[in-house]
Trainee: 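Can you keep this structure in mind? I'll have questions shortly.
Source: prediction; values computed, not measured.
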Amino acid sequence: MSKHHLGEFEEIVLLTVAILHGEAYGIAIINEIEQRLNRKVSIGSLQTVLRRLEKKGYLNSEFGESTKVRGGKRKRYFSITSLGKKVLITTKEQRQGLWNAVPQFVFNN
Amino acid sequence: MADRPSQQPPNWILSFFRWFCKPEYLEDIEGDLLERFNQRVTTDGLRRARWDFSKDVIQLFRPGLIRSFHFFQSTNHRNMLRHNLILTFRNYQRYKSTFLINLVGLSGGLACVLLIYLWVKDELNVDKFHANDTQLYQVMKHRTQSGQTITSTWLPGLTAQTLREELPEVEYAAATFDLDHYTLSVGDKDVQAIGQYVGEDFFKMFTYPLVYGDPSQVMANRNSIVISKSLANRLFNTTENVVGKIVEWQHEEQYQVTGVFEDVPRQSSMKFDFVLPFDIILEDYEWATNWRTSWPESYLQLKPGADAKLLNHKVADLINRKTEGEVTHVTLFVATYTDNYLFGNYENGKQAGGRIEYVRLFSLVAIFILVIACINFMNLSTARASRRLKEVGIKKAIGAGQSSLVVQYLGESTLLAGMSLLVAVVLVKLLLPQFNLITGKQIPLFFDVPLVLSFLSITLITGLVAGSYPALYLSAFDPAKVLKGTLNKSLGELWARKGLVILQFTLSIVLITSVLIVYKQIEFVQNKNLGYNIENILIFDRISWEEGNLETFLAEIKKIPGVTGASSLGHNMTGHNWSTYGIQWPGKDPDDRTEFEMMPVNYEMLELLGIEMKEGREFSSVFSTDSTKIIFNEAAIEHMGFTDPVGEEVVWGNGNLQILGIAKNFHFESLHEKVKPTMFWLSPPRTMYLVVKIEGGMEQSVIKQLTGLHETFYPGFPFDYKFMDQEYQALYAAEQRVSILSRYFAALAIMISCLGLSGLVAFTAERRLKEIGIRKTLGASATSIIGLLSGDFTKMVLVAIVVALPISYLAARQWLENFAFHIDLQWWYFGGVGLLGLFIAWLTLGLQTFKAAQINPVDTLRNE
């Protein structure tokens, strides 16, 4: 299972792409993360992670239409692949398993 | 509103981003950047937005997003390397002569450079082994006489001691005196050794480590002697427990060994086997404590941080002060002791080089030779380029970039340089003993890390220089033209090759001319009538100072058959010994400080030396009054300005001396110097050298009998004689070395040049085989073909000669100015060398072109 290991930031990016479903391009993802998690994300770190996830096969991407705001440059929309979904679910189940294994009284103090 | 042109992100940042970003990511990330920028302009303002934009771009500059640059690719380096190696070796095999010419040339050149490198390194390190290197200074003096400043190291005996007492920044100070051969004995055993007198601080200042004894104690007593390990072995057959033993010096005085030092290292300019305390000199000799007499040398060790410039001001007038203002023409200064070896020459009070000039000269020669060898490689590679056109064309057509071709050709040349290095190292190993003999050094060949690194870097540089032009030239071909076969050789390339050949021959001819001039000058020096005859004359030290002993001994010597004369004098007749400005004559300028060389002599000395008298006569035992007479040489008379000198009187010290005669000028110093004013006076007690003239051919038997006689007169003192003419030649040791070495280097230079030329001609002939074949069928003679092939090259060599001769002329003139007496430059020296160069070139050309002219046209024209 270790080959499907996701880094913390990778997981966040993957989830955000899933949230934005169909509207996930660079700035949109950044805005979403910044809003929801209140953390600063640079284009550089986001882009590296996006490309890495794409290379691993968790994400797909395609160009969208060009807009004037972007100096005529097209957007690249990312969408999650079935492998990506599987990895997300696996990750979630692993976490859940871990949560379940924690004895009740630990959090009850 | 987001589109106003003023609201743009910084342009150059954007360009930078476009430059480094992976092209497939470029569009959308740039879009993101711009979108974010525009967003920020509205929320944060333009300034802030531009700033954040730059920050974003810098954060994008990270491995995952940077495009791969050409030189980052490491796809098939190993394969390419293998491929290049194979091609290189195939080329070597196919063109064996080119390979051999390059190998011989480069290894010869490299061997030369490596030898000179070893020598230069050795020279630069002389005396640098002293631990206090930077704090050691030698006190020196400028003496002004008749408008000229003469610099020397001889100082009054108290200089060192006084400076240490007077100046707080002086840590230690020591005088040294009278480095010479002495006889030491233990029991019946007599040993010759080199010794000197040194001040108390000597072992604290200089790094001559003591095996036994304490550096601050060993020189404390006036009867102490400190000996070297090897001298201890010679005297006592051991180095153990020798401290405290007694050694007899010159069969006169007894000294007690207080210490043993490690043998003086090879790179010490001071060489000695033992030292005695300088205090002996101060106690025993009146002159040593007199501020008017200069003889010993003085060294200082300054405290760390002391300023030598400031010190110079303090020491300058020392002698003036100590003589209460009487001696005003001498100023003292200090110079870094360990630099004196290389920078020891002073001209008119200014530092004027020294041995460093030879270091520079030979470094230049080494570079010349290596350049010549590199040029061979360049010429042959570019000439052979046509053979490799197709290779280059195909490689480029299938996608090789220019840089990969450059790498290939540089690799080839570096590989060749590497192979040459192996050959060169073997050559150096073989030649080093001979080289040491010529240079008078004992340079070892230790392969330590610095040496290996410097050898490798010299080789690498050679490879890169040699390969640079061919690599750039070959890799720049246009593949389309090459493969279509329409590439015409550009004019520039031809010119470059011609220029290189001309440069090669220019360098060679300059070297040959220099060799000739040096040789001629040395021959001139050796054959010049010196004004005195020093052939077949033996000179040796006087042993006994007892009254009457010398006369008896000389009388006995004269009885030996084959001895034509024997006398004694107080000057070794080869180089400056001692001088005075104390002679007074009517009309002398009171500020005149011109020194007269002092030559105390015994009877009939001048006749024995063959010094001719211009007027008057020399000292003769027939006349009893000669001890109040004086003889001057022409230079002295001229300086004093007497019109009718014989019979005139001069004052010296407390006495009047009458001029007895005038000796013709003679060159007792090397011909670098003008003849100095010289005086002879009769003073047998001051004569420390005995001189014996021997009939030609009788040397063997006379020396044998002299040795016997010496042994009976002075038992225990070895008979240590020298031939005066050999001693005189030693004054030119440096020039002799340069002469011999430069001869080899010049020979090597012209040889390598000719190798290259022969390679080029062979190649041209090969290219024009068909043409030659056709010409021959049409009736051309062998001579006309030889002329055809060598015409171009002859022109190049002629140009080289025209360029080289003025350069050599100027260089030669400058070198000859070092000699007060020198040859006149004759036109035929240069003409001769020019012809010689042309002749050698023709010989080379002839051998190659003759072969080409001999071919049978059928062989070359049969196949088409």
Side-chain angles (χ1 to χ4, degrees), chain A residues 6-10 12-14 16-17 20 22-80, chain B residues 1-46 48-69 72-73:
Chain A
L6 275 180
E8 188 257 356
F9 189 58
E10 286 177 327
I12 291 172
V13 171
L14 213 49
T16 317
V17 171
L20 289 170
E23 289 297 321
Y25 72 96
I27 297 298
I29 301 173
I30 289 179
N31 288 341
E32 193 69 22
I33 296 177
E34 284 182 350
Q35 260 175 33
R36 284 181 185 272
L37 301 182
N38 195 21
R39 75 191 251 182
K40 284 268 174 217
V41 178
S42 76
I43 301 184
S45 51
L46 176 75
Q47 288 292 345
T48 344
V49 169
L50 283 174
R51 310 296 165 172
R52 190 159 64 227
L53 293 173
E54 189 176 7
K55 213 181 251 166
K56 284 183 182 171
Y58 303 158
L59 288 177
N60 263 338
S61 72
E62 57 185 342
F63 278 119
E65 77 293 352
S66 63
T67 58
K68 258 193 151 187
V69 186
R70 298 167 53 88
K73 305 291 180 200
R74 287 175 295 172
K75 291 173 183 168
R76 182 186 290 275
Y77 287 107
F78 289 89
S79 59
I80 195 157
Chain B
M1 72 163 185
D3 245 340
R4 267 177 289 155
S6 60
Q7 293 177 350
Q8 292 290 319
N11 233 331
W12 64 274
I13 297 274
L14 192 61
S15 312
F16 170 63
F17 169 71
R18 284 180 182 150
W19 173 73
F20 74 72
C21 185
K22 276 189 184 172
E24 60 268 35
Y25 298 168
L26 185 60
E27 182 172 351
D28 62 291
I29 298 185
E30 192 183 325
D32 282 2
L33 277 170
L34 290 175
E35 186 179 335
R36 209 175 193 203
F37 172 76
N38 290 332
Q39 218 173 48
R40 280 186 179 140
V41 172
T42 47
T43 55
D44 305 337
L46 183 67
R48 185 65 204 258
R50 284 170 74 106
W51 174 248
D52 283 336
F53 178 86
S54 311
K55 219 168 92 182
D56 277 344
V57 169
I58 287 162
Q59 280 169 337
L60 278 162
F61 191 73
R62 50 171 76 203
L65 305 173
I66 296 175
R67 76 188 165 95
S68 64
F69 290 94
F72 289 153
Q73 264 174 356

Trainee: Given the options A:Lys73, A:Arg51, A:Arg74, which has more heavy-atom pairs under 4.5 Å with chain B than any of the others?
Mentor: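 Option with the greatest count: A:Arg51.
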Trainee: Walk me through it: do A:Lys75 and B:Glu35 pass the test side-chain contact (heavy atoms from CB on, under 4.5 Å)?
Mentor: CA-CA 10 Å; A:Lys75 291 173 183 168; B:Glu35 186 179 335; 4.1 Å; yes
Trainee: Could you tell me which portion of A:Ser45 (side chain, backbone, both or neither) has an atom closer than 4.5 angstrom to a non-hydrogen atom of chain B?
Mentor: both
Trainee: So for A:Val49, is it side chain, backbone, both, or neither that comes closer than 4.5 Å to the heavy atoms of chain B?
Mentor: neither
Trainee: To the nearest 0.5 Å, what is the distance between CG on B:Asp28 and CZ on A:Phe63?
Mentor: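 So the gap between those two atoms works out to 5.0 Å.
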Trainee: Looking at B:Lys22, I'd like to know if its NZ atom is crowded, meaning that more than 12 non-hydrogen atoms belonging to other residues, nucleotides or ligands lie closer than 6.0 Å.
Mentor: yes
Trainee: Most heavy-atom pairs under 4.5 angstrom with chain A, which of B:Ile29, B:Leu33, B:Asp56?
Mentor: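 So the answer, after comparing B:Ile29, B:Leu33, B:Asp56, is B:Ile29.
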Trainee: If every non-hydrogen atom of B:Arg62 is compared with every non-hydrogen atom of A:Ser42, which pair is closest and at what distance?
Mentor: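 So the minimum-distance heavy-atom pair works out to NH2-OG, 4.4 Å.
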Trainee: For A:Arg76 and B:Glu24, which heavy atoms make the closest approach, and how far apart are they?
Mentor: NH2-O, 3.1 Å
Trainee: For A:Ile30, which atoms come within 4.5 Å of any heavy atom of chain B: side chain, backbone, both, or neither?
Mentor: side chain
Trainee: Once rounded to the nearest 0.5 Å, what's the spacing between atom CZ of B:Phe53 and atom CD1 of A:Ile43?
Mentor: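 So the gap between those two atoms works out to 8.0 Å.
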Trainee: Looking only at heavy atoms and a cut-off of under 4.5 Å, which of B:Asp52, B:Leu34, B:Ile58 has the most pairs with chain A?
Mentor: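 The residue among B:Asp52, B:Leu34, B:Ile58 with the greatest pair count is B:Leu34.
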Trainee: Is there a side-chain contact (heavy atoms from CB on, under 4.5 Å) between B:Tyr25 and A:Gln47 once you walk through the steps?
Mentor: CA-CA 9 Å; B:Tyr25 298 168; A:Gln47 288 292 345; 5.9 Å; no
Trainee: Highest number of heavy-atom pairs under 4.5 Å with chain B: which of A:Leu46, A:Asn31, A:Thr48?
Mentor: A:Thr48
Trainee: Check the surroundings of atom CZ in B:Arg48: do more than 12 heavy atoms from other residues, nucleotides or ligands lie under 6.0 Å from it?
Mentor: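 Result for CZ/B:Arg48: open.
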